[in-house]
Structures are given as C-alpha cells and as structure tokens.
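What follows is a set of notes on a single structure, which appears directly below.
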There are 2 protein chains.
Amino acid sequence: MAEATATGSTPARVTTPRRANDRDLVDSLVTVLQERINAGEIPAGSWLRQEALAKELGVSRMPVREALRELQARGSVELIANRGARVRLPSTRDIIEVYELHGLLQGHAGEAAAELITSQQLDRLAAAEELFRQSVEDLRAADDDTTTAQRHWHEANTEFHTVIIEAGGNKHLAEMYDNLHHKVPRNLTWIALGNDVRRLEKDAAEHAGILDAIGRGDPAATRALLTEHVKRASDLLVRTVDEIGQDSPPRRR
Amino acid sequence: MAEATATGSTPARVTTPRRANDRDLVDSLVTVLQERINAGEIPAGSWLRQEALAKELGVSRMPVREALRELQARGSVELIANRGARVRLPSTRDIIEVYELHGLLQGHAGEAAAELITSQQLDRLAAAEELFRQSVEDLRAADDDTTTAQRHWHEANTEFHTVIIEAGGNKHLAEMYDNLHHKVPRNLTWIALGNDVRRLEKDAAEHAGILDAIGRGDPAATRALLTEHVKRASDLLVRTVDEIGQDSPPRRR
DNA sequence: ACGACGTAGACTGGATCCATGATGGCCGAG
DNA sequence: CTCGGCCATCATGGATCCAGTCTACGTCGT
C-alpha cells in the first residue's frame with residue numbers, strides 16, 4: 001500500500017541526463033540513478049517505474065530500461081519479471097559479507113601500495129588525512145548541523161581508500177572495489193560513526209596509522225592495519241544497524 | 001577487412017534462447033552469448049551485430065540490445081557509441097591482474113571453507129579430484145583427440161573451485177568470483193597445461209593437497225596452498241600466452 | 001598518381017505501438 | 001462474515017519505425 005515510489009520531488013535534471021554530450025545517454029542515466037540510490041534519495045525497497053523515470057528525466061522509456069538492466073547487473077536493483085525494478089535493500093548479512101570483501105581488497109591493495117605508491121599519491125593521502133582532522137573539528141564546532149562534518153569525512157574517506165586501491169596498481173581490483181559500493185552505499189559508514197567525536201577521532205587515528213605504515217613502506221603492517229580498520233568499521237556498522245533496526249524501517253512489510 | 005563477424009555457422013539455438021521458459025528472455029540471451037564468448041566460439045575482438053544476432057537467435061533486436069548492455073556491465077564486451085559491441089580481448093596484464101584476484105578470493109574463501117565445509121561439499125571435492133585423475137588417464141590414453149580430457153579437467157576444475165567458494169559462505173564473494181570469469185575465460189587455463197601429462201599430474205596433485213588441507217580443517221594451509229596453486233597456474237598461463245603471442249593474433253592493427 | 005572531399009550505405013540508438021502477464025479489488029457463494 | 005474466483009487495470013517486455021552518425025568507397029582536383 002504505502003509503497004514508496006521513486007518519483008521524487010526533483011523535476012529538474014541532476015547533472016545532465018539528457019543529451020549524449022560526453023558519452024552515452026544510458027550511461028549518464030545509470031550514473032544519475034546510482035547516485036540517487038546511494039544518497040538514499042530513492043529509498044531501498046521502492047519500485048522504479050520506467051514511465052515515471054522516463055518522464056522525470058525527459059527521455060523515453062527505452063534508455064531507462066537499458067539503464068535498469070545495467071543497474072541489475074551491478075547488483076543495485078533487482079528486476080522482477082513483468083513486475084519491474086526495485087532497489088535492493090542490503091540485509092545485515094549483506095553488509096557483513098561486503099565489508100569482509102572490503103577489508104580483503106583493501107588489505108591486498110594496501111600491501112602492494114606500500115611498495116608501489118608514488119609521492120603524488122602519498123600527498124593525496126596526507127591531504128585526506130588532513131581532511132579527516134578537519135572533519136573532527138567540524139563536528140566539534142557544529143552544534144546541530146553536522147552535514148559539513150559528514151561531507152568532509154566522506155570526501156576524505158573516499159579519497160583515502162581510493163588512493164590506496166589505485167596505488168595497488170590492479171585495475172580489476174579497483175573495478176571490483178567500486179562495485180562493492182553499488183551493493184552497500186558508501187555513506188552508510190557515517191551512520192555508524194554517529195556524530196560521536198570520540199569515534200571519529202579514533203577513526204582518524206587509524207587512518208593516520210595506515211598512512212604511516214605506507215609511508216614506511218611496510219606491506220605487512222599496512223595490510224594488517226587496513227584489515228583491522230575495515231573490520232572495526234564493519235562491526236560498528238552492523239551493531240548500529242541492528243540497533244536502529246528495531247524501530248526504523250529496515251524491513252517494512 | 002578480415003573482421004570476423006560473430007554470425008557463426010550455428011543456425012540452431014544452443015540451449016533455449018527463445019521463450020522465457022524458466023526466467024527472463026534477456027537473461028538467457030546473456031547466458032548464451034557469455035558461453036559462446038567463453039568457449040571462444042565468438043572470437044575476441046569481433047563485432048557483435050545486433051541484427052545478425054537477433055535473426056540467428058530468433059528474436060528481435062531489442063532483447064539483444066539489453067543483453068549486450070548487461071554483457072558490457074559484466075566486462076565481457078565493450079560498447080562503442082554508434083559503432084556497436086565488440087568482444088574484449090584480455091591483455092597479458094588483464095590476465096595477471098585477474099588471476100591475482102583469483103588467488104586472493106580463492107585463498108580467502110578456502111580459509112573459511114576449511115572450517116565451514118559440509119560433508120556433502122567434501123564429497124563433491126573428492127568427486128572432482130577423482131575426475132582430475134580421470135582426466136590424466138584420458139590424456140594418457142588419448143592419441144590425438146584430447147577433448148575428453150579437456151572436458152573432464154574443465155568440469156573438475158570448475159566444480160572444485162566453485163565448491164570451495166561456496167563453502168566459504170560469502171555470497172558476494174561467490175558473485176565476484178563468477179564475474180572474474182567474464183573477464184578472462186575459464187578455459188584459458190587448459191591452454192597453459194597444454195596437453196602435458198606431467199603438468200596435469202602436478203596440477204591434480206596440488207588439488208589433492210588442497211583437499212587434504214581442507215579435510216584436516218587447516219585454514220592457514222588451505223589458504224597458502226590455494227594462493228600458491230593459482231599463482232603457479234597464472235605464471236604458467238602468462239608464459240604460454242606470451243609464447244603463442246608471437247605468431248598468433250594477439251593484437252592485429 | 002595521390003590525397004582530400006563528398007556522398008551513400010549501414011548500423012546503432014531512441015521513440016512509439018501492441019500484446020502478455022501479474023496484481024488488486026469486487027462480487028458471489030458457502 | 002470470510003474465502004475463493006473472476007475481471008479490470010496497469011506496467012512490463014518485445015516488435016517495429018525513424019532519425020542520427022560513423023565509415024567506407026568513389027570521384028574529383030591538383
């Protein structure tokens with residue numbers, strides 16, 4: 001009954017879904033939809049109506065269909081025969097499994113990165129670490145509105161781990177890593193940190209430790225620290241999700 | 001000029017592309033095309049013409065288009081704007097990277113499998129090992145036609161590693177593992193073994209060792225052996241591909 | 001004879017149309 | 001009053017149609 005439909009309030013286009021300026025139209029649709037899903041703009045479990053999306057984005061149903069097909073291949077939505085596409089909502093088990101792979105990939109890439117990393121990439125890591133500290137300051141200063149802190153932390157976290165993956169040098173691993181975020185949205189982690197300055201500081205400290213290990217060129221330590229780091233984040237997230245899962249809508253029905 | 005077109009000689013359907021018997025029509029098309037690509041039936045680098053495929057498979061262009069879109073998301077083909085889809089040919093670097101991930105995932109899953117595996121799964125591993133031995137016998141007996149040996153070995157290898165992944169219990173890891181085979185066809189490994197009884201025996205022995213480690217419930221050994229095993233296969237494959245890459249068409253142009 | 005421009009062909013990509021399948025409500029019977 | 005079946009409605013999935021674009025070939029000019 002109260003099925004949320006994705007036909008949100010945003011009538012205007014987000015980036016430039018219309019017109020195949022740079023590349024393919026379908027690709028841009030995929031990007032837009034993926035971002036909306038990741039941002040939680042389109043709630044998990046809601047149906048994606050082809051016609052509604054088409055009208056909203058100013059295209060016909062055709063490219064939407066192909067975009068949905070690709071999103072299915074990514075694992076972001078599930079296509080039910082003759083019913084339509086719905087946003088997959090990750091279960092607790094999904095989160096656990098995905099983060100396990102997260103840690104595995106990060107650890108592996110980090111081990112290689114400790115030996116392969118360039119000075120530019122090291123600089124980027126240092127900048128990210130700085131941004132982590134900034135985020136802590138933001139949260140301390142913020143009274144109620146924590147969006148700035150969240151944005152900074154999110155940027156820093158994305159950059160940090162992306163650089164490590166890149167520095168590892170395995171393109172296919174990078175691709176896999178990206179795919180993971182299609183299954184469990186990136187911004188979830190922030191929920192676990194839950195506006196808690198203590199936790200955020202701890203998180204920042206762990207990142208600093210990892211950066212240090214990479215800077216020393218210590219592969220084993222880098223792997224261990226990264227694996228630990230992700231594991232900790234996972235445990236925290238799972239605990240948090242379980243808690244809010246009591247009253248929030250983790251599973252309507 | 002001599003662009004190989006995928007419109008092969010097989011007019012009949014392979015399994016049942018037409019009719020959505022079990023599930024979706026597009027899905028079955030994806031499966032069929034994927035298998036053909038993996039089997040080398042559709043040569044790497046060749047164009048996939050929508051109309052030709054549609055006619056051959058007895059459907060309209062539409063489901064073919066969506067199937068190609070999904071194959072792109074998988075990484076099996078690349079879509080070039082207004083040009084069409086072409087089968088991606090893995091480079092040596094691709095092979096190295098993919099096999100590196102292969103080993104990583106196998107090792108990780110194997111470590112968990114050593115503790116989680118069920119007796120049924122152990123039976124399946126044992127059966128696979130038996131099939132490996134059968135394959136060796138086949139190759140010894142075969143004078144010229146090694147297809148039986150290859151088929152048995154391929155079945156055994158697929159089953160063996162699939163069971164380990166399954167036994168690891170991480171569904172998302174299993175999915176990732178499957179995706180790897182979309183980037184580098186599974187049957188490639190056979191090329192490396194190259195009808196060499198000695199190598200095949202060594203390969204079988206390694207599998208036996210892994211099975212033994214799992215049977216003992218030794219996670220560390222299982223991981224180590226699996227990683228080693230895949231690494232060895234990778235090195236061998238790369239060397240072989242490099243060799244035949246001299247006269248074969250690894251890169252026309 | 002060689003190179004550049006123009007044109008024709010072919011293929012992809014988007015739009016519209018139609019049939020099929022599923023769902024939810026309504027009505028009737030037990 | 002409740003359960004089961006039938007029907008209307010709606011959305012998907014496939015087919016056909018049309019326009020845009022890229023390529024390749026041929027011709028013309030130098």
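By convention in this document, chain letters (A, B, ...) are assigned in the order of the sequence lines, proteins followed by strands, and residues within each chain are numbered from 1. Small disclaimer: the values here were computed from a predicted structure and weren't measured.
- Between Leu193(B) atom CG and Gln150(B) atom CD the span is 9.5 Å, to the nearest 0.5 Å.
- In this structure, Arg151(B) forms no cation-pi arrangement with Trp190(B), as its terminal cationic atom is not both closer than 6.0 Å to the ring centre and no more than 45° off the ring axis.
- Aromatic pair His161(A)/Tyr177(A): centroids not less than 6.0 angstrom apart.
- Annotation for Arg86(B) and Gly45(B): closest pair CD-O, 3.7 Å, computed over non-hydrogen atoms.
- The CG-C1' distance, from Leu68(A) to dG14(C), rounds to 16 Å in whole Å.
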Is there any protein nitrogen or oxygen under 3.5 Å from a nitrogen or oxygen in nucleotides 11-13 of chain C, and what are the pairs?
| residue | atom | partner | partner atom | Å |
| --- | --- | --- | --- | --- |
| dC11(C) | O3' | Arg49(B) | NH1 | 3.1 |
| dT12(C) | OP1 | Arg49(B) | NH1 | 3.0 |
| dT12(C) | OP1 | Gln50(B) | N | 3.2 |
| dG13(C) | OP1 | Asn82(B) | N | 3.4 |
| dG13(C) | N7 | Arg61(B) | NH2 | 2.9 |
| dG13(C) | O6 | Arg61(B) | NH1 | 3.4 |

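- Atoms CG (Leu57(B)) and P (dA15(D)) sit 11 Å apart, rounded to a whole Å.
- Checked against the 6.0 Å centroid threshold, His181(A) and His102(A) count as a close aromatic pair.
- As rounded to whole Å, 13 Å separates atom C1' of dC18(D) from atom CE of Met62(B).
- In this entry the distance linking CZ of Arg86(A) with P of dA11(D) reads 15 Å, nearest Å.
- Of the candidates Arg61(A), Arg49(A), Arg36(A), Arg36(A) is the only one forming a salt bridge (charged side-chain N to carboxylate O under 4.0 Å, His left out) with Glu56(A).
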